[in-house]
Participant: 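Right, I'll just put the structure down here and ask away after.
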Amino acid sequence: FRIMAGKVKWVTDIEKSVLINNFEKRGWIQVAENEDWNFYWMSVQTIRNVFSVETGYRLSDDQIVNHFPNHYELTRKDLMVKNIKRYRKELEKEGSPLAEKDENGKYIYLDFVPVTFMLPADYNLFVEEFRKNPSSTWIMKPCGKAQGKGIFLINKLSQIKKWSRDSKTSSFVSQSSKEAYVISLYINNPLLIGGKKFDLRLYVLVSTYRPLRCYMYKLGFCRFCTVKYTPSTSELDNMFVHLTNVAIQKHGDDYNHIHGGKWTVSNLRLYLESTRGKEVTNKLFDEIHWIIVQSLKAVAPVMNNDKHCFECYGYDIIIDDKLKPWLIEVNASPSLTSSTANDRILKYNLINDTLNIAVPNGEIPDCKWNKSPPKEVLGNYEVLYDEEMAQTDGPDRDLRSRSGQSTGVKGNRARDSGKPVLTTWK
Amino acid sequence: AMLDPDSGLPLTIARIVQRLKGSSLHSQLERQARVSLHKPEIKLESLKEDIKDFLKTSGWEKKLQNAVYSELNVFPSPCHPAAPPEHMKEPLAYMRKAQVGCYQFYCMYLLILLKKEELLSCAFQRPVSEQKELLNKWNEMGTDEPDLSLFRPVYAPKDFLEVLMNLRNPNYENGEQPSFRNHLGLIQVPLKVKDIPELKEDFSELGLNIGQLGIDDSAQVPPEFFENEHVRVGQKVLAEQDSAAAQQYVRQGCPTALRADLWALILNISNQPEDILYYEQLKSNVIQHDLLVDSLIYKDVKLTASNDDYYFVFEDYLYQVLLCFSRDTSVLEHFTYSSATPPKSYIRGKLGMEEYAVFYPPNVNYNSFILSVAPLCFLYHEPSKLYQIFREMYVRFFFRLHSISSHPSGIVSLCLLFETLLQTHLPQLFYHLREIGAQPLRISFKWMVRAFSGYLATDQLLLLWDRILGYNSLEILAVLAAAVFAFRAVNLMEVTSLAAAE
């Protein structure tokens, strides 16, 4: 027993091999939830219980968990939008150049979330917006669900009558997260490759929100639809055309189990550089990094920056045909299921690199550490934004970024000093 | 230099003039010259000189230069003027015979295959005279009855390799006792291949002291050392629209953003309105008439590209390109310069009408085709341009991987080059692999026949194809294959079976 005293004791309620293999390869010891543990990889249900007021759970200094207590500020579709809107308004109030608007009243640098309303609460506001452009398509998404469940497209007000009735009835309506929806303007001009729509899944690790320190996993991937894209209204119901979730696509006739409809981000980059040129491709990836950092900054003030926590988010981004990236949503518990052999390798390495950063040296953690891992352990992660470094960043400008994979450090300093020119991002 | 009897010009020049006379560039130049007559700087006294100057400054001379350069790339060296065209295409008699046999058997195989797929039921209902006509048109190349026992259905690369292994030059008697001096490999025809000193000279730009994209532009190397300057030069080459300079430039690799344009410049593809129209005509042909091999194409695309990590995205483009390609008889015209003439046929019911003629490219296995189009989809997303680039790549390079010839870039020579390099420089390894039943060519053949497509990540593959274009030769495939074996030599010395070696 004494020999094992130095080994990390782990628990998980997510039975996935990519996790368990990583724990075992470090020689960590599996224990039960009610025993003394050092590392708990939790599902989002469990984290709710751990940090709920009733249980009064107190984590000790040698315990780490993989979620922030109120991650839903970022990962629930309605709260994410709320926080971003609030963040933008605050910047506008303080006169920050980041909140600059163009002649149409749109934010120049912070317009990265499609126009969104909460239903049923904002139903009337939505109707007003809808009527400005009656031929537009909107996408309805349940706030608390994942994997594309319950999502549908509408192009007529009659299709969401149900939510209008609710708002007109009593003011006290049970707003359980299952019934609340968000409705967003549908991006009906996605960038198509090979005629098909795709989205980007990127992994972002946050070790602390204040100061903000986040890492971007270099090996993200594109998820392609199996059916050719068409904005035709007759196909609005065809989820195989519109929804890129693997959980949806894998039921399609043309789903392929060898590649799973997934492309690496490096393939995307090669394709865009070859067909569109290097400058616009670099600009696109810079913008993607930018919107991720802004989304984190938006929720940082309201996040419970518990020192026992880290979190690996799955960001979903869609690129439109003008090469503008849009933030669709952030997932607190990105799928660790592997749909193909490559997938398994990628997710295994993702967890490996995540653990190397979150649990230094694979030893029993001490939550008082400064959460500043050395460069060598990053693996396939690279620093996306380090607030502490950005503030102390003086002559250290030789952190070059190659091929557009910008680390946010240099550019962010310029941002914080209020000089928001996107080209200085690198 | 040999002179053309009619014009008195050197043979090569006379032939190029002949070729260009019929091209759209010629009519464009004529038009430009005529338009220039209205310009004030053109004076009657010095008409010829002034027009020449005008064409120079307006960039048309450059276009002409590019076209000539393009022709020179494609043209084989002329042989004796009295030699029949067949001999010019392929000087070796036994090779010609092998080609004929291969094609005839291929036609038969195609018929059998299609019948098996129940696709030919209509054809067999044709009146006998029409069937005879159809078969006669397919057997256009000669009356020689080849020994069909030598040939097997050519479908997978390994089957094609079996055919190549059986090639023999009947005039070459190798009666000596087998000794270490003999060639230990699978290819037993005495074609001339280059040795290392010759290769070093020919591929001098790949020397260790010269910058290369893909190596010297990696994240650890400051871009000031090589990358920045190389990109700048590439942009200049494109601005000047100089084919020859482009071909020289890409020997050190293309920057990704410039590659599409550089390749188009080297291949002399400009996507003129008449090119787009031609493509549209092919497309409508596809739509109006189906071909017997269309279903084979569908099947092979499904088997190859649809399962590929990189290329599945472009599945639809591949169908489009290949279906059009099989109806593009302008490709046949190119074959007057190549080593073989593939069979020609006609769309059902349109026998003898040239506009409905189609041809069967010399490879039943469409996988190699598919894999040679697929990487191009990363560069060109406009269907007509993609099509033209592929077609040009095919007639300049890829067809040589699918047909039997003595050409130095032909697959037979590549195989021999690979084996010779390996046997000369890694004799221990070669001998060891041979002993364990793992002849190196059995492993590397499929890499070379597909120009490494499907075996290299796309960004690396494109860097390799940069050099194919730059040196106008496929020899680099054999060198790369040998290099892979050299790289893995230590591990390979320890394996004991072909499977382990693979």
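Labels below follow one simple rule: chain letters A, B, ... track the order of the sequence lines, proteins then strands, and each chain is numbered from 1.
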Participant: If the plane angle is over 60° it's perpendicular, under 30° parallel, otherwise tilted; pick one for B:Trp465 and B:Phe398.
Facilitator: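 Geometry flag for B:Phe398 against B:Trp465: tilted rings.
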
Participant: Looking at B:Asp261, B:Asp308, B:Asn307, which one has more heavy-atom pairs under 4.5 Å with chain A than the rest?
Facilitator: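 Among B:Asp261, B:Asp308, B:Asn307, the one with the most close pairs to chain A is B:Asn307.
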
Participant: Just to verify, which of B:Glu205, B:Gln248, B:Gln247, B:Arg251 counts as forming a side-chain hydrogen bond (donor to acceptor under 3.5 Å, both in side chains) with B:Tyr471?
Facilitator: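 It is B:Glu205, the one option of B:Glu205, B:Gln248, B:Gln247, B:Arg251 that forms the side-chain hydrogen bond (donor to acceptor under 3.5 Å, both in side chains) with B:Tyr471.
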
Participant: Report which part of B:Cys377 has an atom under 4.5 Å of a heavy atom belonging to chain A: side chain, backbone, both, or neither.
Facilitator: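 Only the backbone of B:Cys377 comes within 4.5 Å of chain A.
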
Participant: Please name the pair of heavy atoms, one in B:Ser453 and one in B:Leu461, separated by the smallest distance, quoted to 0.1 Å.
Facilitator: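 Of all heavy-atom pairs spanning B:Ser453 and B:Leu461, the closest is N-CD1, 3.6 Å.
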
Participant: Give, as side chain, backbone, both or neither, the part of A:Lys228 having an atom under 4.5 angstrom from any heavy atom of chain B.
Facilitator: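 Contact with chain B is through the side chain of A:Lys228 alone.
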
Participant: For chain B, find which of A:Ile193, A:Thr340, A:Thr275 contributes the most heavy-atom pairs closer than 4.5 angstrom.
Facilitator: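 Most heavy-atom pairs within the cutoff with chain B belong to A:Thr275.
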
Participant: Check whether more than 12 heavy atoms from other residues, nucleotides or ligands sit under 6.0 Å from atom CD of B:Gln460, and answer yes or no.
Facilitator: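 Yes, because the 6.0 Å sphere around CD of B:Gln460 holds more than 12 heavy atoms from other groups.
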
Participant: Contact part of B:Leu258 toward chain A, heavy-atom cut-off under 4.5 Å: side chain, backbone, both or neither?
Facilitator: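 Neither part.
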
Participant: For the interface with chain B, which of A:Arg276, A:Lys262, A:His257 has the highest count of heavy-atom pairs at distances below 4.5 Å?
Facilitator: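 That would be A:Lys262.
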
Participant: Relative to chain B, which segment of A:Phe224 carries a heavy atom at a distance below 4.5 Å: side chain, backbone, both, or neither?
Facilitator: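 Only the side chain of A:Phe224 comes within 4.5 Å of chain B.
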
Participant: For B:Phe378 and B:Trp263, I'd like to know if the aromatic rings sit close, meaning centre-to-centre distance below 6.0 Å.
Facilitator: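 No.
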
Participant: Taking the six-membered ring of B:Tyr380 as reference, does the cationic atom of B:Lys385 (NZ for Lys, CZ for Arg) lie under 6.0 Å from its centre and within 45° of its axis?
Facilitator: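 Here B:Lys385 fails the 6.0 Å and 45° test against B:Tyr380.
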
